[in-house]
Structure formats: C-alpha cells, structure tokens
Amino acid sequence: MPTARIYQRPKNAMQSGKYRTDNWVLEFEPAEAKQPDPLTGWAGSGDTRDQVRIMFPSSEAAIAHAKREGLAFTVIPAPQRKLKLQAYADNFR
C-alpha cells in the first residue's frame with residue numbers, strides 16, 4: 001500500500017513573497033532508494049510515484065482525497081510563522 005505525506009509548502013527563503021504557501025501538497029513516500037547511474041552519475045530509481053505532487057486548497061481536501069483513494073497518509077503540520085518586527089532605529093540601540 002503506498003504511503004503519502006500531506007504538508008503545507010514553506011515560504012522560499014531566497015525570496016520575500018509567499019506564493020503558493022497556502023496550498024497543501026500530497027506526495028508519495030519513496031518506495032526504493034535512489035542509486036547513481038553508472039554512466040552519467042545521476043541519482044535515480046525506477047519509482048515513478050516520486051514525480052507526483054498534487055496540490056489542494058486545504059488539508060481537509062487532501063485528507064479526503066487520500067481516504068477516497070485508499071492511501072495511508074501522514075499529515076505534517078504547518079510550521080508556525082514568526083514575524084520579526086524591527087525598525088531601523090533598533091540598529092542604534
């Protein structure tokens with residue numbers, strides 16, 4: 001039985017925007033370990049479920065989809081967002 005992870009995407013650390021951070025993602029756990037290709041050296045495996053990522057507007061929708069498809073799933077809670085409030089004047093204190 002395939003297992004899936006349901007999580008909310010974190011904000012990209014390299015950019016200030018929060019694009020698609022409100023979406024929930026369902027992705028499958030890897031079934032086999034990746035191994036280097038002897039010719040190119042690239043890591044890969046025969047598991048094609050690694051390429052599937054399904055976006056949902058809420059965690060309830062993702063859980064309902066997993067139950068409907070008969071998938072075992074794990075919900076990873078969304079990380080708490082911390083606001084770092086600071087002013088320019090704080091540099092001189």
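Residue numbers start at 1 and run along the sequence shown.
Panel note: side chain Glu32, backbone Gly46; a donor-acceptor pair is recorded below 3.5 Å. Side chain of Thr21 to backbone of Lys18: a donor-acceptor contact under 3.5 angstrom is found.
Sequence neighbours left out, not one pair with a member in residues 9-36 passes ring pair (Phe, Tyr, Trp, His ring centres under 6.0 Å).
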Donor-acceptor contacts under 3.5 Å from residues 62-75 side chains, at least two apart:
from	atom 1	to	atom 2	distance (Å)
His65	ND1	Arg68	NH2	3.2

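Residues satisfying the salt bridge (charged side-chain N to carboxylate O under 4.0 Å, His left out) criterion with Asp90, sequence neighbours excluded, are Arg93. For Lys34, the salt bridge (charged side-chain N to carboxylate O under 4.0 Å, His left out) test picks out Asp50, with sequence neighbours left out. Annotation: salt bridge (charged side-chain N to carboxylate O under 4.0 Å, His left out) contacts of Arg49 (sequence neighbours excluded): Asp47. Qualifying ring pair (Phe, Tyr, Trp, His ring centres under 6.0 Å) partners for Tyr88, counting only residues two or more places apart in sequence or in other chains: Phe92.
Here the closest heavy-atom approach between residue Gly41 and residue Pro36 is recorded as O-CB, 4.2 Å. Of all non-hydrogen atoms in Ile54 and Val52, the two that sit nearest each other are CG1-CG1, 4.0 Å.
Of the inter-residue distances, the one linking Glu27 atom CD with Met55 atom CE reads 9.5 Å to the nearest 0.5 angstrom. One finds the CD atom of Gln8 at 8.0 Å from the CG atom of Asn23 (value rounded to the nearest 0.5 Å). Annotation: the span from Leu26 atom CG to Ile6 atom CD1 amounts to 5.0 Å, rounded to 0.5 Å.
Placement of Tyr7 and Phe56 in two distinct hydrophobic clusters is found when ILVMFWY residues are connected by side-chain heavy-atom separations under 4.5 Å, directly or transitively.
More than 12 heavy atoms of other shown residues, nucleotides or ligands fall within 6.0 angstrom of atom NZ in Lys11.
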